[in-house]
Amino acid sequence: MEALAISLVNAVPLLAGVPLWTVTLLLMVAVAAVILVFALTFEGVGSLVLRKVAGDIQARIGPNRVGPNGMLQFLADGVKLVLKEDIIPANADRLLFKLAPYFVFVGSFAAFVVVPFGVGLIAADLNIGIYYVMAVTSLVVIGVLLAGWASNNKWALLGGMRAAAQIVSYEIPVGMALIPAVLIAGSLSLQDIVRSQGGLLGIFGWNLFHNPFTFFSFFLYFTAAQAETNQTPFDLPEAESELVSGYNVEYSGIRFGLFFLAEFGDMFIVAALATACFLGGWNVPFFHVGTLPWIWGNLLSLGVFLTKAFAMVLIMMWVRWTLPRLRVDQLMRMSWKYLVPLTFVNLLGVSLWLLVFRGKGIPGMIASLFG
Amino acid sequence: MSPDPAHGQPPGPGPPPAAPLAHGSAPSPGLGPEAHVMVGNADLFVNWSRKSSLWYLLFATACCGIELMQAGASRYDMDRFGAVFRATPRQSDLMLVAGTITHKMADRVKRLYDQMPEPKYVISMGSCANTGGPFYKDSYCVVKGVDLLIPVDVYIPGCPPRPEALIDGIMSLQKIIMRKKNFGAKA
Amino acid sequence: MTIRTDALPTQEMTINMGPQHPSTHGVLRVILTTDGEVVTRAVPDMGYLHRGLEKIGERVTYAQYMPFTDRLDYLAAMNCNCAWAWTVEKLAKIEVPARAEYLRVIVCELNRISSHLIAFGSYTADMGAFTPFLYAIRERERVNDLFEMLCGNRLTYNYARVGGVSGDAPPGFLEKTKEFLDYFEPKLDEYNNLISYNKIFVHRLANVAVIPAEEAVAYGLTGPNLRGSGVPFDLRKDEPYSVYPKFDFKVCVGTGERGTLGDCFDRYMVRINEMRESVKIVRQAVAQIPDGPVRAKVPRLFKPPVGEAYFRSECPRGETGIYLISDGTVNPLRLKIRTGSFVTMNIFEKVTRGLMIADVVAVIGSFDIILPEIDR
Amino acid sequence: MEAQVLFDTLKGKFGDAVVELQGEGCSPAFVVVAPASVQEIARFLRDDPALSFDSLMCLSGVDYKEKFAVAYHLHSMKHRHAIGMKAFLPRETPSLPTVDDVWPAANFHEREAFDLFGIVFEGSKDLRRILLPEDWEGHPLRKDYKYPDFYHGIKV
């Protein structure tokens, strides 16, 4: 960020007199605002898309009366939620009750910072990108647990406890399933990981096709991530038919809205990570976007990235509207008895592969065979 | 769940229904002559958002509940209007009282209504919720109309009302919402 | 499920489930005592929809009671209508024209299909898969269309009359019915592919809340819940009434195909298979239906002879038995309705002990209870 | 099994506790028994291999204006036959032994009869009101029941 600030100061002589830290700070705020706007828009549009997709899957139409073809539905929902009465139950823990939605929202929003949207579009290319994502998304579990506890409602408490157990359990397979990508790129930075999948192999440069273990890894990641975002086969914390509405049962108005937005934010983060780590990120097949002018290269790569990520989100929605829900003991069993061991075995496999074949994937080897 | 004191006093047992009837002469949802243009537009915007996002509480007690479900399903699809069901009263804007209310159920109805955040609306769906319906004369344990318990905005007749009637009721409620004044002088 | 007491001291908690809960199928209230997620005791509390139907029965005439039977089980109003008509006819020994009986069988079986569709749909919704529910409602709408054609209403039909039915089938009804059957029958395989044999779904249902056959009989379970335990008892076959003996159909029983005999999955599967059998019955009835009048002559203010009759018929939720006592006046002296759901709730506390909260939802769904039948 | 044969069997076994056979106009026929011996007769009906009435179809309280009655409708899954059993009770103190340990199905029916008629089933494992609220006054299905004016401040 500081480098960008220096170049900005150099480019605009008017800023020469301003202290560098001010420029940096202002830049940071501006970038944060852009990301927030993007995140909120995505989450709003996401909820609309979700309802449209749900409608399509369920032989319905979905929202189509609010604005042209229902496009403004999320705006109406948002404005209404903001203007709703904010109820804090009499026996709730007031401070924690108020705090919980922010934890959840911040946890999901902060992860947007390291998402590599394009060849040069990343708010902060942290060298510990993946690690950072795993860390901040863990905030969500604290928020959910707080919400469940502070509501002073037994359904909410059950939801919160379920969420805590579930997210903590599935954090491990999610992390383990992502490490193959880190190993191949040799870096924790998401931008590096994406770059490592470029080149002239096209889609076969993706980590997904690197070797059999990474291919498997992707599906492990996707399953575990579906659980971490509380999507349907694993939506126990808010199981509507069991726990009424789970941890957010006592939340109304915008506080509920924050939970709602965070849910879509989480979905996007998961899809973005899958895209970046396995599906080649913003890389355009058979084409080097870095060679284009800055603006066009970025726009193209942004488009590619968003297309892939949205496709992943759609698949998640599809799964969500198709499958029934697991029971809580089955959920735990699935994580600890199947996903965790499998991801470890998989990780071992990838490591051995990289050791034996000196970091080359199958497509790379085939390509080198043909020169 | 405890009743919420922040909401103000719960409605007493006495009948407080000064509910506007949905049907009848509806003034156009435009601006009053004295309304400030800014305020008027804000009102329009706020009311528009409220009417477009009527999340209803899944409160099906009897027969009408099935029609309510069918109205939310494929053929009628209330989601078109932005009306989706919520399981918890805290997140609902609209209480669709679908079915018979008995005396044993009565204080639950009141409590659920109290738990909903303002602004909240009530649609009384079907004869039972309107007046006690077929059980008016001979039953000893049916409340003769949900308006004895909570204020009702729209009454939908029928036993049970068809989904079309229910959608008409929701649209009537939308008209009522568009007439509300949120800013400036209390109307 | 054993609960360890030597480890950390824990406290049981009491959770109130309902009467306003998405998956109690109405206004059932269950008071759950749980140890974490494990239910140690689940006591049903009913009566939130008690409307005094039996008292009303003593205050209205025999013909006037017909609309109230619609509200007895609104998902299977036709079956309840006909059950009432059959009971009064049994008490007063009224002969019903053959065409009327055929029409009754057709509407009863169609209503069984639509009722089982709701059972199937809401069960999957309870299990977290919301989409099949909407598919089920989509099919149900078509049955509603048929009934609307027949008697003008979608849910509460008031179609049967003492001595027949309210009116003959309008032209085109039987053809439309056949059309519906042709459309509907393949859908059942679709549902089985979509959800019935879904691995998660099976895992949620198999071996949950097993009811052995003797227990099911002792607790008086009837209908699909009894047959789910492997007891081949169907009133349409074993105590034949109306024109059911003329039709060829199978009594569907649970087989324990995915778990233990008598578990939730068996009860679920019995309903799915019964829909297929109902399709078969309706096909035969439509093919065989004779011409003729649809209503016997019954005086408007009709007084049955002094006597008592107990008639039971196979409704979608088990047998609906009506115990009717006439004192020779225009009003019944006593009317007791024994319903499948009410009796089924008796075993609820026993089978839910030691299950998890999510299983309680599964049990409620597998019993396919409906509240007006329980509370009346 | 014919109702008359069954009645004779019971009469031979229980003597005066079995009062009469109510066959005229009743379908199924009723064996009228003395209320005090309902439980033993029920147990016999269930356990005797020739009878084995293993399922209780229905249990109803009845108000015959001058007296109460409890009517049991029994059915045998094994022999596929059915019979009714009836016990008349005085209006003042309607009480009789429970049969819920003979047929577990009886429990809810008995609770209902207790709720709506005020008939007490002695020895029942759980005899509470089932349909009406705990604080409801009176038993609505009695013929002399007067509808209350208000319940919890709401007009009835």
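In the text below, chain A, chain B and the rest are named by the order of the sequence lines, each starting its count at 1. Values reported hereafter were calculated over all heavy atoms of this structure, with side chains retained and with hydrogens, waters and symmetry mates removed.
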Interatomic spacing from OH in C/Y323 to OG in D/S60 - rounded to 0.5 Å
6.0 Å
Chain C contact via D/M77 - side chain, backbone, both or neither, heavy atoms under 4.5 Å
side chain
Under 4.5 Å, counting heavy-atom pairs only, tell me which of D/R111, D/K65, D/H75, D/R129 racks up the most with chain C.
D/H75
Does a salt bridge link D/D63 with C/R334, judged by any charged N lying under 4.0 Å from a carboxylate O?
no
Does D/E134 have more than 12 heavy atoms from other residues, nucleotides or ligands lying within 6.0 Å of its CD?
yes
Checking heavy atoms, do the side chain of C/E215, its backbone, both or neither come under 4.5 Å from chain D?
neither
Between CG of D/L141 and CD of C/E54, what distance do you get to the nearest 0.5 Å?
5.5 Å
Donor-acceptor contact below 3.5 Å, side chain C/K55 vs main chain D/R142:
yes
For chain D, find which of C/D238, C/L49, C/V343 contributes the most heavy-atom pairs closer than 4.5 angstrom.
C/D238
Can you establish whether the number of heavy atoms outside C/K303 located under 6.0 Å from its atom NZ is more than 12?
no
Honestly, the part of C/P304 sitting under 4.5 Å from a heavy atom of chain D is neither
Please classify the contact of C/L226 with chain D as side chain, backbone, both or neither, using a heavy-atom distance under 4.5 Å.
side chain
Between C/K93 and chain D, with a heavy-atom cut-off of 4.5 Å, which part of the residue counts as in contact: side chain, backbone, both or neither?
neither
In Å, rounded to the nearest 0.5 Å, how long is the span from CG of D/N107 to OH of C/Y219?
8.0 Å
Less than 4.0 angstrom from a charged side-chain N to a carboxylate O is my criterion; do C/R376 and D/E112 meet it?
yes
In terms of ring plane angle, is the pair C/Y310 and D/H73 parallel, tilted or perpendicular, where the classes change at 30° and 60°?
parallel
Interchain contact, C/R51 with chain D, by part (heavy-atom threshold 4.5 Å):
neither
Just give me the residue among C/I347, C/D45, C/L333 that pairs up with chain D most often, heavy atom to heavy atom, under 4.5 Å.
C/L333
Given that the side chain runs from C-beta out, which part of D/K86 has a heavy atom under 4.5 Å from chain C: side chain, backbone, both or neither?
side chain
Are the side chain of C/N346 and the backbone N or O of D/P104 linked by a donor-acceptor pair below 3.5 Å?
yes
Can you tell if the side chain of C/P44 reaches within under 4.5 Å of the side chain of D/F108, non-hydrogen atoms only?
yes
When D/L59, D/L116, D/I130 are compared by non-hydrogen pairs under 4.5 Å with chain C, the top option
D/I130
Proximal component of D/Y147, with respect to chain C [non-hydrogen, under 4.5 Å]:
side chain
More than 12 heavy atoms of other groups within 6.0 Å of D/K125 NZ:
yes
Which bit of D/R46 is near chain C, if near means a heavy-atom gap under 4.5 Å: side chain, backbone, both or neither?
neither
Report, as yes or no, whether the 6.0 Å neighbourhood of atom CD on D/E122 holds more than 12 heavy atoms from other residues, nucleotides or ligands.
yes
Side-chain contact, heavy-atom cut-off 4.5 Å: D/Y64 with C/D327?
no
Chain D contact via C/F342 - side chain, backbone, both or neither, heavy atoms under 4.5 Å
both
Are there over 12 heavy-atom neighbours, none belonging to C/R41, within less than 6.0 Å of that residue's CZ?
no
Does a side-chain N-to-carboxylate-O contact under 4.0 Å join D/K143 and C/E58?
yes
How many angstroms lie between atom OG of D/S55 and atom CD of C/E319, to the nearest 0.5 angstrom?
7.5 Å
